[in-house]
**Student:** 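First the structure, which I've put down as structure tokens, then a few questions once you've had a look.
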Amino acid sequence: MSMILCEDNVYFIDHRDFISTIYKNVSFDLDKTRNFSLTNKLFCIKSDSSNEVVSKKRPRISTEIIDDANKVKQMYNKLISKLQPDMIKETHDKYNVSDTSSVRNLSQAYFESTIFDHAGVSGGNNSDKPLKCKIKDQYFLIPEQSRFLCGDVSDQCRKLIGNKYDIIVADPPWWNKYIRRLKGANEKLGYSMMYNEDIADIPVKELMSENCLVAVWCTNAPSNITAVKDMIFPQWGVEYVATWYWLKLTIDIKPLCVFGSGCKKQPYERIILGKVGNVELPDDVLVASIPSALHSHKPPLQELLTNFIKIDEPQFLELFARYLLPRTTSIGLEPLKWQHISLYEET
């Protein structure tokens, strides 16, 4: 991970730099190699003034959400106090490469052009170098020491029984009205959502090592937060430990929208963490980054979480994956989606 700042439970990371590190010396066509990274424009995230307009009829926000928003705001202020002006300028200049409408159009175009029927497809890369591979007449980048299984997550988990993983990360397709409306307007832009009970039924318990760290990306909906702590974790045999926050920033290192007032969304999401066995985790950690414009493209937590597992080479499992990581088994309906060569540029 490209760590710009790591201090006092505050992390500022560069998602694209991490991807650039993964895809150095990609092997293809016998002995040829090239360096790749995600297209720079995808991280040209600028402030949107429409997010700052407060509606006359404010939506009801729970006291807990407001308290969390104030907490994250304080953590953000700590981040700003620690960042040097040259760091902020360098980040702005690095990603100030396009206008907002162009980035949105590019993101939508990539989403629609990377819809593949990979059900039942599985594979991986056992080598120590990333590869450019052809799968069903399309080219994808496959990181070193990685494995993927395409299909229903519960079914794929059953296929993995017998394997044990030290770190499990899940990004569930939470049921929400926005995606339902989006799918109604354009079938290509939606994705398969799941009810909380169905997520809890995924047979994850059999895949956990003796000491296992579990991280679940979660929206700010109180029903989903409660479901993770009171339904999903207990059914998986996991003890809740901590909540971290992913703060989404613009290229000016400002929150993507205002905190907890009349905006439709908060500028952050939660990472709810639990454990099996002997795992120690700090609470109230801030993970800040400029987000990718690709839908639901979360920053990688791999190296950050590794610090809390006392194993030299922990085994990773990612559920509902849309992209691959080194030394990780990734399962879901679309684990190859953001691996398509069209999203990458030579560096």
**Student:** Less than 3.5 Å apart, which donor and acceptor atoms pair up between the side chains of residues 306-318 and the rest of the protein, not counting sequence neighbours?
**Tutor:**
from   : atom 1 : to     : atom 2 : distance (Å)
Thr306 : OG1    : Gln302 : O      : 2.7

**Student:** Indicate yes or no for a side-chain donor-acceptor contact from Ser146 to the backbone of Leu325 under 3.5 Å, with no hydrogens or angles considered.
**Tutor:** no
**Student:** Can you measure from CD1 (Ile199) to CE (Met231) and round to the nearest 0.5 angstrom?
**Tutor:** 9.0 Å
**Student:** Please report, to 0.1 Å, the donor-acceptor pairs under 3.5 Å made by any side chain of residues 222-230, with sequence neighbours excluded.
**Tutor:**
from   : atom 1 : to     : atom 2 : distance (Å)
Asn224 : ND2    : Thr219 : OG1    : 2.9
Thr226 : OG1    : Pro222 : O      : 3.0

**Student:** Can you confirm if the aromatic rings of Phe140 and Phe116 lie within a centre distance of less than 6.0 Å?
**Tutor:** yes
**Student:** How far apart are the C-alpha atoms of Ile80 and Phe12, what are their side-chain angles, what is the distance that settles it, and do they pass the side-chain contact (heavy atoms from CB on, under 4.5 Å) test?
**Tutor:** CA-CA 10 Å; Ile80 292 299; Phe12 181 34; over 6 Å; no
**Student:** Starting from Leu149, can I reach Leu333 by hopping between I/L/V/M/F/W/Y residues whose side chains sit under 4.5 Å apart?
**Tutor:** no
**Student:** Over 60° means perpendicular and under 30° means parallel, so tell me whether Tyr76 and Phe259 are parallel, tilted or perpendicular.
**Tutor:** tilted
**Student:** Under a 4.5 Å cut-off applied to non-hydrogen side-chain atoms, are Val216 and Ile271 in contact?
**Tutor:** no
**Student:** Would you check, one step at a time, whether the test side-chain contact (heavy atoms from CB on, under 4.5 Å) holds for Phe43 with Ser292?
**Tutor:** CA-CA 5 Å; Phe43 294 89; Ser292 160; 3.8 Å; yes
**Student:** Using atom types as modelled and distance alone, determine if a side-chain donor or acceptor of Asn25 lies under 3.5 Å from a backbone N or O of Arg34.
**Tutor:** no
**Student:** When the ring centroid of Tyr139 is compared with that of His340, is the distance short of 6.0 Å?
**Tutor:** no
**Student:** Rounded to the nearest 0.5 Å, how far apart are CD1 of Ile168 and OG1 of Thr329?
**Tutor:** 10.5 Å
**Student:** Give the minimum heavy-atom separation between Pro130 and Ile22, together with the two atoms involved.
**Tutor:** CG-O, 3.5 Å
**Student:** When you group the ILVMFWY residues by side-chain heavy-atom contacts below 4.5 Å and let the links chain together, are Ile161 and Phe148 in the same group?
**Tutor:** no
**Student:** Not counting sequence neighbours, which residues clear side chain to side chain contact (heavy atoms under 4.5 Å, CB included) with Ser113? List them please.
**Tutor:** Tyr110
**Student:** What is the distance from atom CG of Asn125 to atom NZ of Lys132, rounded to the nearest 0.5 Å?
**Tutor:** 15.0 Å
**Student:** Contact between Asp166 and Asn211 at the side-chain level, heavy atoms closer than 4.5 Å - yes or no?
**Tutor:** no
**Student:** Given salt bridge (Lys or Arg N to Asp or Glu O under 4.0 Å), test Asp8 with Lys78 step by step and report yes or no.
**Tutor:** CA-CA 9 Å; Asp8 294 337; Lys78 182 193 291 187; 5.3 Å; no
**Student:** Could you go through Lys89 and Asp93, starting from their C-alpha distance and side-chain angles, then the distance that decides it, and tell me whether this counts as salt bridge (Lys or Arg N to Asp or Glu O under 4.0 Å)?
**Tutor:** CA-CA 6 Å; Lys89 183 179 185 305; Asp93 294 346; 2.7 Å; yes
**Student:** Rounded at 0.5 Å granularity, tell me how far CE in Met87 sits from CD in Gln84.
**Tutor:** 5.5 Å
**Student:** Looking at side-chain heavy atoms only, is the closest gap between Ile13 and Pro299 below 4.5 Å?
**Tutor:** yes
**Student:** Could you check if a side-chain atom of Ile19 sits within less than 4.5 angstrom of a side-chain atom of His15, using non-hydrogen atoms only?
**Tutor:** yes
**Student:** For Glu206, does its backbone N or O pair with a side-chain atom of Lys164 as donor and acceptor, under 3.5 Å?
**Tutor:** yes
**Student:** Has the side chain of Trp244 got a donor or acceptor atom that lies under 3.5 Å from a matching backbone atom of Pro282?
**Tutor:** yes
**Student:** Nearest 0.5 Å, please: how far is OG1 in Thr328 from CD in Glu144?
**Tutor:** 10.0 Å
**Student:** With a 3.5 Å cut-off and no angle check, do the side chains of Lys46 and Asn96 form a donor-acceptor pair?
**Tutor:** yes
**Student:** Would you confirm whether Asp252, through its side chain, and Lys254, through its main-chain N or O, come within 3.5 Å as a donor-acceptor pair?
**Tutor:** no
**Student:** Please give me the minimum heavy-atom distance between Asp284 and Met75, naming the atom from each residue.
**Tutor:** O-CE, 3.0 Å
**Student:** Asn40 versus Glu345: any side-chain heavy-atom pair under 4.5 Å?
**Tutor:** yes
**Student:** Verify the neighbour count for atom NZ of Lys32: are there more than 12 heavy atoms of other residues, nucleotides or ligands below 6.0 Å?
**Tutor:** no
**Student:** Run the numbers on Val26 and Thr33 for side-chain contact (heavy atoms from CB on, under 4.5 Å), then give the verdict.
**Tutor:** CA-CA 5 Å; Val26 175; Thr33 63; over 6 Å; no
**Student:** Can you see whether Ser102 engages Asp99 through a side-chain donor-acceptor pair at a distance of less than 3.5 angstrom?
**Tutor:** yes
**Student:** Between Trp217 and Trp174, is the ring centre distance below 6.0 Å?
**Tutor:** no
**Student:** What closest approach, in Å, do Pro203 and Arg158 show between heavy atoms, and which atom pair accounts for it?
**Tutor:** CG-CG, 3.8 Å
**Student:** Could you see if Ile232 belongs to whatever hydrophobic cluster contains Tyr240? Use Ile, Leu, Val, Met, Phe, Trp, Tyr and a side-chain cutoff under 4.5 Å.
**Tutor:** yes
**Student:** Which residue is it: Arg322, Glu269, Lys298, His297? I am looking for the one with a side-chain contact (heavy atoms from CB on, under 4.5 Å) to Asp171.
**Tutor:** Lys298
**Student:** Do other residues, nucleotides or ligands put more than 12 heavy atoms under 6.0 Å from the NZ atom of Lys41?
**Tutor:** no
**Student:** Rounded to the nearest 0.5 Å, what's the gap from CZ on Phe233 to CD1 on Ile272? Could you check?
**Tutor:** 6.5 Å
**Student:** With a 4.5 Å cut-off on side-chain heavy-atom distances among I, L, V, M, F, W and Y, is there a chain of contacts connecting Ile253 to Ile4?
**Tutor:** yes
**Student:** Just checking, Lys73 and Tyr268: is the charged tip under 6.0 Å from the six-membered ring centre and within 45° of the axis?
**Tutor:** no
**Student:** Among Leu42, Asp14, Thr250, which residue meets the side-chain contact (heavy atoms from CB on, under 4.5 Å) test with Tyr95?
**Tutor:** Asp14
**Student:** State whether Glu280 and Lys275 are salt-bridged, where the test is any N-O pair (Lys NZ or Arg NE/NH1/NH2 against Asp/Glu carboxylate O) under 4.0 Å.
**Tutor:** no
**Student:** Is the shortest heavy-atom distance from the side chain of Val287 to the side chain of Tyr245 under 4.5 Å?
**Tutor:** no
**Student:** Given side chains that start at C-beta, do those of His118 and Glu334 come closer than 4.5 Å, heavy atoms only?
**Tutor:** no
**Student:** Could you tell me if the side chain of Tyr11 sits less than 4.5 Å from the side chain of Leu286, heavy atoms only?
**Tutor:** no
**Student:** Please confirm whether the backbone N or O of Leu343 pairs with a side-chain atom of Thr39, one donor and one acceptor, at under 3.5 Å?
**Tutor:** yes
**Student:** Where do Gln235 and Asp201 land on the side chain to side chain donor-acceptor pair (under 3.5 Å) test, with the steps shown first?
**Tutor:** CA-CA 7 Å; Gln235 198 156 324; Asp201 285 338; 2.6 Å; yes
**Student:** Might you point out which heavy atoms bring Ile142 and Cys133 nearest each other, and give the distance in Å?
**Tutor:** CG1-SG, 4.0 Å
**Student:** Regarding Trp338 and Thr114, do their side chains bring together a donor and an acceptor under 3.5 Å, going by distance alone?
**Tutor:** no
**Student:** Between Ser2 and Asp17, what is the shortest heavy-atom contact and its length?
**Tutor:** CB-CB, 3.1 Å
**Student:** Return the minimal non-hydrogen interatomic distance between Pro335 and Ser330, and the atom names on each side.
**Tutor:** CB-O, 4.2 Å
**Student:** Say whether Val169 and Leu273 are linked into one hydrophobic cluster, either directly or through other cluster members, by side-chain heavy-atom distances under 4.5 angstrom.
**Tutor:** yes
**Student:** Does Arg16 reach the main-chain N or O of Leu38 with its side chain, forming a donor-acceptor pair under 3.5 Å?
**Tutor:** yes
